[in-house]
Amino acid sequence: MAKYDVLATADNTEIMSLQVIAEDDSSGKLTIELDADSVYPSNEFTAEWQALSGSPEGVKKLKFMSSMHMVDNFKVELKSWDDATVKAAGEQFKTALASIQGISGIDDNLNPGQPQIRFVLTEQGRSLGMDTATLSQQVLQAFGGEIVQRFQRDKDEVKVRVRYPEAQRQTVADIMQARVRTPNGSVVPLSSVASISREYQEDEITRIDGLRTVYLTASVDKSILASNELVANLQRDLVPALARQFPVLNIHFAGEAEEQGETTSSMISVFVGALLAIYVLLAIPLKSYVQPVLIMFAIPFGIVGAILGHWLNDLTISILSLNGILALSGVVVNDSLLLVSRFNELMKEAKLSLHDAIVKACSGRLRAVLLTSVTTFAGLAPLLGETSTQSQFLIPAAASLGYGILFATLITLILIPALLFIQYEIKQFFVNMMGKGDVT
């Protein structure tokens, strides 16, 4: 493995460090680390580098990445019993992906494999007594070489290998002009005892659940297109056409979209459980079945705030965003709880009217509500503006939590007083209907 460190400069100013690693004769990796004061964000630098690089001649796979991913941004698995079906569908899918903006680094297992030459004995060769084992051994000796002697030179063992000169083993024509020895000792041209055909031998065959599988992976520029949005577009535009053309084809989307789908489904059950736990924890001290529901009305508005925060910061909603929303659900109820608990105290102890109790509860708890929300957002704000690689995965969760609390607080100061009025009016209506008189 060869490794080189190169320092790139512009106007005597360090802008990046570059590292080249040659893993073997046919593959390598180039890593660029931008200076902390670089004017280029990593994703813009990657896009510009890719545009300038184009498609170098002779390169089978070329992938540009601005950050490391635990799972592929995009991955699709095409499965069928028929090899020809999955290969044809894979080529069409690959062509469709290449035409979508924001898609780069398309990789697949559609490569034909290693080229090989197949020798088949002719009738003449069999009549001369040749067999496949003898033929293959002589061809290997002629072009690969046969060790005829070993001797010691100092501490090393030297092997003497005999084979055709290099100039006579360069092309397929050289193979056809080679000579082989028959069992009776006569030497004949290889072309007289065997026919040659060229073909490719697959390095590996991928099967899932017993089905022949072709997979395609790609990097997705999330500033242009989200992974789940890409999957939705393909399911709407491309998948139906492939299903009609290849009825036996099975299409499965894996990668980040699959991980996000699985996480979302599991988080829905966790979210419902969390809501039930919040309701129980509120209902016990408040001694009410209705007021916990009023307090929890802030949760949907917190989710709206989280979505707006992603939009303002040009972020895509990811798994970590959902984690932030889950945490947000338990936090946004604090402000509503402050108002409702103070309102209950005033109604019981001060014997105030409904209007006066609500006004006094809101004015008395306004400072506490604003300080709670603003200080939480202020604590998360530095993380939202962080540019280091280590903090990037935390930013979606911080955006969900920070903007969700801020937006829910503003709505809470208006919504909760209105809901308390509505609760009282409904309660008063049912009391009057039952003829039990007025209760507060």
Side-chain angles (χ1 to χ4, degrees), residues 22-28 55-62 78-92 94 107-153 156-208 210-216 246 248:
E23 298 175 350
D24 53 48
D25 293 339
S26 60
S27 64
S55 299
E57 184 178 356
V59 175
K60 293 182 178 180
K61 297 178 183 179
L62 182 63
L78 310 176
K79 296 178 283 189
S80 175
W81 292 109
D82 182 28
D83 288 3
T85 296
V86 291
K87 290 181 179 179
E91 292 292 348
Q92 293 190 27
K94 186 176 181 179
D107 192 12
D108 58 71
N109 61 342
L110 287 167
N111 57 307
Q114 297 295 329
Q116 69 175 18
I117 298 175
R118 180 180 294 274
F119 297 88
V120 179
L121 281 173
T122 61
E123 291 299 328
Q124 182 179 354
R126 293 185 183 278
S127 65
L128 292 174
M130 296 290 293
D131 57 26
T132 304
T134 303
L135 176 65
S136 60
Q137 182 181 10
Q138 292 193 38
V139 172
L140 180 61
Q141 290 172 344
F143 291 90
E146 176 75 10
I147 298 175
V148 296
Q149 184 181 3
R150 301 171 188 262
F151 62 91
Q152 197 74 21
R153 177 183 292 173
D156 300 322
E157 182 185 48
V158 178
K159 300 175 183 178
V160 179
R161 190 185 299 271
V162 177
R163 59 183 174 180
Y164 283 163
E166 185 175 357
Q168 297 179 20
R169 46 185 173 87
Q170 296 295 318
T171 64
V172 177
D174 293 334
I175 298 176
M176 296 304 297
Q177 294 172 7
R179 301 283 180 169
V180 295
R181 187 178 298 275
T182 63
N184 61 10
S186 60
V187 178
V188 297
L190 175 62
S191 58
S192 65
V193 297
S195 61
I196 294 180
S197 61
R198 301 183 186 184
E199 59 183 34
Y200 287 89
Q201 176 64 43
E202 294 189 53
D203 297 331
E204 60 180 19
I205 296 177
T206 305
R207 295 188 184 275
I208 298 177
L211 298 176
R212 178 72 165 89
T213 303
V214 166
Y215 65 82
L216 295 95
F246 307 104
V248 296

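Nearest heavy-atom pair across Thr122 and Ser195 is CG2-N, 3.8 Å. Of all heavy-atom pairs between Arg181 and Met130, the closest is O-SD, 3.7 Å. The heavy-atom pair separating Gly144 from Arg161 by the smallest distance is O-CD, 3.3 Å. Of all the heavy atoms in Pro189 and Val180, the pair that sits closest is O-CG2, 4.5 Å. Between Val86 and Lys79, the shortest heavy-atom contact is CG1-C, 3.8 Å. Residues Pro183 and Leu128 share a closest heavy-atom pair of CD-O, 3.4 Å.
Proximity of a side-chain donor or acceptor of Glu91 to a complementary backbone N or O of Lys87 within less than 3.5 Å is not detected. Thr213 places no side-chain N or O within donor-acceptor distance of the main-chain N or O of Arg207, the cut-off being under 3.5 Å.
Residues Phe151 and Val160 meet the side-chain proximity criterion, which asks for heavy atoms closer than 4.5 Å. The shortest distance between side-chain heavy atoms of Phe246 and Leu78 does not fall below 4.5 Å.
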Practice problem: Kindly determine whether Asp108 and Tyr215 satisfy side-chain contact (heavy atoms from CB on, under 4.5 Å), including the steps that lead there. | Solution: CA-CA 6 Å; Asp108 58 71; Tyr215 65 82; 5.6 Å; no

Self-check item: Derivation and outcome, side-chain contact (heavy atoms from CB on, under 4.5 Å), residues Leu211 and Ile208
Solution: CA-CA 5 Å; Leu211 298 176; Ile208 298 177; 5.9 Å; no

Exercise. Using the side-chain contact (heavy atoms from CB on, under 4.5 Å) rule, take Val214 and Thr206 through it: C-alpha gap first, then chi angles, then the decisive distance, then the call.
Key: CA-CA 7 Å; Val214 166; Thr206 305; over 6 Å; no

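No more than 12 heavy atoms of other residues, nucleotides or ligands shown are found within 6.0 angstrom of CD on Glu166. For Glu123, the CD atom sits in a loose shell: 12 or fewer heavy atoms of surrounding residues, nucleotides or ligands are nearer than 6.0 Å. Crowding of Arg118 atom CZ: a count of heavy atoms from other residues, nucleotides or ligands under 6.0 Å not exceeding 12. The neighbour count for Arg153 CZ, taken as heavy atoms of other residues, nucleotides or ligands under 6.0 Å away, does not exceed 12.
Donor-acceptor pairing under 3.5 Å is recorded for the side chains of Asn184 and Thr182.
Evaluation of the side-chain contact (heavy atoms from CB on, under 4.5 Å) rule for Gln137 yields Gln141 as partners, not counting sequence neighbours.
Expressed to the nearest 0.5 Å, how far CZ of Arg169 lies from CD1 of Ile175 amounts to 11.5 Å. Put simply, CG on Leu121 and OG1 on Thr132 are 4.5 Å apart, with the number rounded to the nearest 0.5 Å.
Legend: ring pair (Phe, Tyr, Trp, His ring centres under 6.0 Å) pairs involving residues 162-190, not counting sequence neighbours, sorted by first then second residue: Phe143-Tyr164.
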